[in-house]
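First up is the structure itself, then whatever we jot down about it.
Here is the naming used below: chain letters follow the sequence lines, and residue numbers restart at 1 for every chain.
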Protein chains: 4
Amino acid sequence: MATPSTPAPRSAPNPDRRSERARQAILDAALELCGEQLYAGLTMEGIAKRAGVGKQTIYRWWPSKAAILLEAIEERGRSTLDFPDTGNLEADLRTQMTQVAQAFASPLFAAYSKGLIAAAQSDPDIAKAVVDSIIKPRVDLCIERLTKAQAAGELRQDIDLADLVELLYAPLYYRLLLHTRPVTQSQVDTILNLALTGATK
Amino acid sequence: MATPSTPAPRSAPNPDRRSERARQAILDAALELCGEQLYAGLTMEGIAKRAGVGKQTIYRWWPSKAAILLEAIEERGRSTLDFPDTGNLEADLRTQMTQVAQAFASPLFAAYSKGLIAAAQSDPDIAKAVVDSIIKPRVDLCIERLTKAQAAGELRQDIDLADLVELLYAPLYYRLLLHTRPVTQSQVDTILNLALTGATK
Amino acid sequence: MATPSTPAPRSAPNPDRRSERARQAILDAALELCGEQLYAGLTMEGIAKRAGVGKQTIYRWWPSKAAILLEAIEERGRSTLDFPDTGNLEADLRTQMTQVAQAFASPLFAAYSKGLIAAAQSDPDIAKAVVDSIIKPRVDLCIERLTKAQAAGELRQDIDLADLVELLYAPLYYRLLLHTRPVTQSQVDTILNLALTGATK
Amino acid sequence: MATPSTPAPRSAPNPDRRSERARQAILDAALELCGEQLYAGLTMEGIAKRAGVGKQTIYRWWPSKAAILLEAIEERGRSTLDFPDTGNLEADLRTQMTQVAQAFASPLFAAYSKGLIAAAQSDPDIAKAVVDSIIKPRVDLCIERLTKAQAAGELRQDIDLADLVELLYAPLYYRLLLHTRPVTQSQVDTILNLALTGATK
DNA sequence: ATCTAACCGAGACGGTACGTCCGGTCTTCGC
DNA sequence: GCGAAGACCGGACGTACCGTCTCGGTTAGAT
């Protein structure tokens with residue numbers, strides 16, 4: 001009698017017998033369809049048909065479309081986790097932020113922004129999952145790099161580094177999600193110029 | 001046959017005969033339902049039933065759920081348009097941004113974030129409408145205030161003020177949409193401290 | 001507070017607005033499909049597709065496939081209601097029973113036997129509806145004719161005419177439903193010979 | 001390669017290794033479920049679950065639900081095969097038909113009528129199997145008894161005994177399958193009275 | 001006594017149909 | 001002619017079963 005927290009609403013499928021072929025086909029189909037059309041037009045039936053899979057197989061392993069995209073992005077998007085350390089903070093930030101800016105234009109991140117973040121507005125579970133498994137790891141790596149810079153005297157000692165990360169990356173998300181202007185290389189330069197130096201000189 | 005510019009795809013309802021009572025009831029119902037439940041659960045049929053209105057009455061005047069919310073927010077949310085000018089830029093920004101931060105917690109902005117911005121990810125028309133009728137007016141007012149400050153020497157001469165507006169407000173949207181942390185008063189202070197002074201001192 | 005017998009589980013569609021075109025298309029499609037394939041292969045989706053109709057339109061007006069067939073047969077099968085009266089009982093019975101035997105071989109009665117009677121075994125409501133709206137009217141007409149014959153001295157006075165109707169028609173149903181032998185003209189002759197004269201002479 | 005007559009579509013399970021426990025559990029489960037609910041609600045998965053058996057074990061030995069019921073009824077229903085011969089035909093018929101009438105009310109025959117005969121309307125194979133293994137043996141025994149009676153002068157010489165069997169038993173099936181009236185003892189009396197003596201006296 | 005073939009329980013798989021919900025159009029009233 | 005009402009066609013939803021398949025585990029019969 002340990003922890004009966006989860007009452008197991010459905011008899012819990014056995015992951016050992018799971019078909020990896022079906023899993024990959026579903027992730028592929030979801031990303032493809034999300035790239036081809038808009039997220040709102042992404043349907044479970046469409047994914048099932050494209051993947052050559054029964055709908056039950058999807059519902060057995062994922063609770064929602066968003067969960068599929070989340071897993072797809074987690075698995076396919078590991079490459080954007082790298083964070084350089086050349087000793088020059090501004091250069092390293094420029095490198096990394098440029099990489100992020102470019103990723104925001106890729107089909108994978110089209111699915112990310114159009115699908116997941118939109119869905120997160122209507123589903124707290126998705127919101128939490130997006131933060132925990134996509135945003136947090138990348139923020140942590142950035143903070144790690146900033147911590148070294150702060151120790152090296154490249155940054156003010158009195159600032160909270162999590163706040164700085166927000167100030168740097170938020171403008172990229174702002175343009176991505178509000179569609180005011182496209183996310184470009186020059187935006188990265190502008191952000192770094194303003195945020196590091198300050199608007200008042 | 002005066003102005004055949006728009007070919008009137010559907011027999012063009014006459015706005016003079018429009019029922020203001022029905023219009024208000026629909027806007028109310030949309031906002032109420034969006035506040036009570038999540039945007040994904042907001043349906044045309046639900047709005048029609050709550051408003052005591054036929055579905056056709058909705059489709060006659062609005063092309064989509066998002067359009068209803070947009071009009072509701074435009075009409076109900078004029079209060080956040082004020083921008084103070086006391087002569088002290090930082091104080092005025094703090095006043096205005098605090099006001100925005102508080103608005104982000106209101107039910108009206110729940111509809112805004114949960115509904116419109118999410119829908120904008122899947123519909124370029126909505127995205128454009130949100131920018132044009134909600135964001136742009138507020139950004140313009142801010143730029144106007146910043147222009148005075150720049151002229152008064154309170155800001156560096158070499159910076160683009162639209163970029164500065166982004167840097168200031170983007171972090172608020174970042175937390176609103178990514179749900180990493182709540183939008184608070186102290187976040188406003190932090191943003192102003194970092195953005196005006198710069199992270200490198 | 002008169003009779004709240006039916007609690008109206010679903011808000012009761014308005015029959016005045018019903019589309020007669022859709023109704024006929026559905027009845028046609030159901031009979032066609034039931035004739036082409038076996039009843040077990042008759043599906044709501046198949047009927048909807050063939051009739052060019054939304055599934056909801058079917059569910060709005062009929063509770064089951066069997067109810068559709070029942071209505072179709074009631075409406076299309078009125079022709080077998082005639083019962084002759086020439087003054088000669090045996091000749092009239094032979095005429096009528098031959099007509100029934102022929103009907104049992106028609107596509108309409110294929111649907112009847114394969115569909116309705118089979119379904120009636122699993123659904124008391126269908127069973128009752130079949131008896132009330134298909135069997136009873138025909139039995140009553142037969143009893144009416146037999147009553148005249150009994151009054152004319154053509155039949156024993158001590159027999160129950162409902163029982164006699166059963167004895168006459170049951171063998172036709174026996175072969176129809178148990179598929180032992182085909183229903184033929186000669187079976188009618190045999191039945192009349194045995195039932196009217198008696199097996200012991 | 002001895003006898004390639006049947007090409008063995010599936011690798012031909014070995015009956016010697018068959019689990020009698022599983023077989024009995026499946027037959028029991030099928031009859032129980034058919035008694036508890038209607039045949040339409042009887043599913044392979046339900047049988048498998050109730051019997052504590054894998055679905056494959058069912059499909060290995062039976063081609064369909066109906067085949068299971070058929071085997072169950074064949075095995076459990078041998079008791080109605082007895083046919084008495086006291087020398088008095090009418091008495092013997094009354095005895096046997098009363099026994100059949102009683103059987104029609106038992107749970108076993110609920111499965112028979114609700115399941116098999118209904119299914120036979122949609123599946124010629126089932127129809128044939130029902131006739132061959134259930135109806136024919138009983139009819140043959142009845143004909144055998146009638147033949148003796150005919151030889152003893154208790155019946156007309158010019159009648160076909162198979163037709164007479166139909167006339168006697170068909171009314172029982174008529175009520176069983178059409179649910180007009182319940183099958184009772186008095187029905188047996190009425191049938192014998194009418195069929196042996198004739199309706200015209 | 002061990003090996004091995006196959007039956008066993010279990011259940012994941014690709015599918016089909018279910019009955020429901022909602023989208024967006026159309027039609028019919030009453031005002 | 002607008003507004004309320006709601007039936008219509010269509011299509012996605014999430015579920016239940018279908019019949020097939022693939023796993024260990026068990027249990028013979030042959031070695």
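- Side-chain contact between Arg50(B) and Asp28(B): absent, with no pair of heavy atoms (C-beta onward) separated by less than 4.5 Å.
- Atoms OG and CG, on Ser133(A) and Leu116(A) in that order, are 8.5 Å from each other to the nearest 0.5 Å.
- Contact between the side-chain N/O atoms of Arg18(D) and the OP1/OP2 oxygens of dA28(F) is not found at any separation under 4.0 Å.
- Distance CD (Glu45(C)) to P (dA12(F)): 12 Å, rounded to an integer number of Å.
- Toward the 5' end of DNA chain E, the nearer of the two residues Lys65(C) and Ala22(A), judged by each one's closest nucleotide, is Ala22(A).
- Rounded to whole angstrom, the span from the CD1 atom of Ile26(B) across to the C1' atom of dA4(F) amounts to 11 Å.
- The CD1 atom of Ile68(D) sits 10 Å away from the P atom of dG19(F) (whole-angstrom rounding).
- To the nearest 0.5 Å, atom CD1 of residue Ile68(A) and atom CZ of residue Arg23(A) are 11.5 Å apart.
- Cation-pi geometry between Arg18(D) and Trp61(D) is satisfied (NZ or CZ under 6.0 Å from the ring centre, within 45° of the ring normal).
- Comparing Arg17(D) and Leu42(D) by the nucleotide of DNA chain F that holds the closest heavy atom to each, the one mapping nearer the 5' end is Leu42(D).
- Distance CD1 (Ile47(A)) to P (dG14(E)): 14 Å, rounded to an integer number of Å.
- Distance, Asp16(D) CG to dC8(E) C1': 16 Å, rounded to whole Å.
- Of the residues in residues 48-64 of chain C, those placing a heavy atom less than 4.0 Å from an atom of DNA chain E are Lys55(C), Gln56(C), Tyr59(C), in numerical order.
- The distance from atom CG of Leu31(D) to atom CD of Glu71(D), rounded to the nearest 0.5 Å, is 10.5 Å.
- Comparing Ser19(D) and Pro15(A) against DNA chain E, the residue whose closest nucleotide sits nearer the 5' end is Ser19(D).
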Please enumerate all protein N or O atoms sitting under 3.5 Å from an N or O of nucleotides 1-3 of chain E, with distances to 0.1 Å.
none

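- The CE-P distance, from Met44(C) to dC17(F), rounds to 18 Å in whole Å.
- Atom CZ in Arg76(D) sits 5.0 Å away from atom CG in Leu27(D) (nearest 0.5 Å).
- Two residues are said to be in side-chain contact when any heavy atoms from C-beta on lie closer than 4.5 Å; Asp123(D) and Leu38(C) fail this criterion.
- Contact check, Arg23(A) against dA12(E): no side-chain N or O comes under 4.0 Å of OP1 or OP2.
- To the nearest angstrom, P of dT27(E) lies 10 Å from CZ of Arg21(C).
- When only modelled atom types and interatomic distance are considered, Glu32(D) and Gln37(D) share no side-chain donor-acceptor pair under 3.5 Å.
- Put simply, CG on Leu33(C) is 14 Å from C1' on dA17(E), counting in whole angstrom units.
- Looking at heavy-atom distances under 4.0 Å, Asn14(C) makes contact with sugar-phosphate atoms alone, never a base.
- A donor-acceptor contact closer than 3.5 angstrom links the side chains of Glu75(D) and Gln24(D).
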